[in-house]
Amino acid sequence: MAQGLSDRQLAAMHDRLLTLQAKLKAQDKDSAGWREPVELDQQSVGRLSRMDALQQQAMSEAEARRRQGDLTRIDAALARIESQEYGWCAVCGEGVAIKRLEIDPMATHCVGCAK
């Protein structure tokens, strides 16, 4: 088995995951208003404006789903750190390269198994 991450590297990844988690939660809170139901009163909003609002709402909902998926992956990565499984491939058990974790700190597979 390849060598795991150092304590310093694990601490850095832990801090990075917490920072990313806080950022995603803040973005989700800031964009909550865009996901509210769109008013369909034609007297107050024109047809094109309503269509724009519906499109914005759909895009905001898709972004919220993506953020929620990332938050779930962050929670899983933090749990792997706690259980001392972080940085190890979930398939082959070899170490995940630090460069891969720097690109995607939630990665669960080494490059070979990710292919």
Side-chain angles (χ1 to χ4, degrees):
M1 240 158 85
Q3 182 176 344
L5 301 175
S6 70
D7 289 343
R8 193 169 113 191
Q9 290 170 321
L10 280 172
M13 285 294 145
H14 185 266
D15 291 347
R16 184 167 173 208
L17 286 163
L18 290 177
T19 299
L20 184 56
Q21 183 183 54
K23 179 181 172 184
L24 290 172
K25 286 180 178 182
Q27 287 175 347
D28 199 51
K29 184 179 178 182
D30 289 344
S31 68
W34 289 104
R35 295 188 303 272
E36 292 177 2
V38 175
E39 179 65 41
L40 296 178
D41 180 10
Q42 285 188 324
Q43 301 303 320
S44 63
V45 179
R47 186 173 137 219
L48 290 178
S49 295
R50 244 186 9 267
M51 289 172 59
D52 287 342
L54 289 169
Q55 182 180 22
Q56 181 64 41
Q57 179 190 39
M59 290 173 22
S60 183
E61 288 171 351
E63 272 296 305
R65 284 189 299 274
R66 183 198 59 77
R67 276 192 302 273
Q68 189 55 51
D70 286 347
L71 286 168
T72 299
R73 291 179 64 221
I74 289 169
D75 288 341
L78 291 169
R80 286 193 309 278
I81 289 174
E82 289 298 315
S83 65
Q84 299 178 348
E85 296 175 8
Y86 185 82
W88 300 101
C89 179
V91 175
C92 71
E94 292 293 318
V96 177
I98 187 66
K99 294 290 184 190
R100 179 165 172 75
L101 292 170
E102 287 172 351
I103 293 169
D104 180 8
M106 292 103 54
T108 58
H109 297 78
C110 66
V111 173
C113 292
K115 290 180 182 179

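All values reported here derive from a predicted model rather than from experimental measurement.
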Inter-residue atom distance Ile74.CD1 - Leu17.CG, 0.5 Å rounding: 6.0 Å
Exercise: identify the closest heavy-atom pair between Ala114 and Arg100: CB-NH2, 3.4 Å
Smallest separation among heavy atoms of Cys110 and Cys89, with atom names: N-SG, 3.4 Å
Distance-minimising heavy-atom pair for Gly87 and Leu101: CA-CD1, 3.9 Å
Residue pairs, two or more places apart or on separate chains, that pass salt bridge (charged side-chain N to carboxylate O under 4.0 Å, His left out) and touch residues 9-22: none
CD on Glu102 to CE on Met13, rounded to 0.5 Å: 5.0 Å
Reported CD-to-CD distance for the pair Glu61 and Gln56, which is rounded to 0.5 angstrom: 10.5 Å
By side chain to side chain donor-acceptor pair (under 3.5 Å) - contacts of Glu63 (at least two apart): Arg66
Interatomic spacing from NE2 in His109 to CH2 in Trp88 - rounded to 0.5 Å: 15.5 Å
Cluster check Ile98, Tyr86: I/L/V/M/F/W/Y, side chain < 4.5 angstrom: yes
Pairwise distance CG(Asp70) to CZ(Arg65) - rounded to 0.5 angstrom: 13.5 Å
For Leu5, the option from Leu10, Val96, Ile81 that meets side-chain contact (heavy atoms from CB on, under 4.5 Å): Leu10
Pairs involving residues 71-84, ordered by first then second residue, that meet side-chain hydrogen bond (donor to acceptor under 3.5 Å, both in side chains) (sequence neighbours left out): Gln21-Asp75, Arg73-Asp104
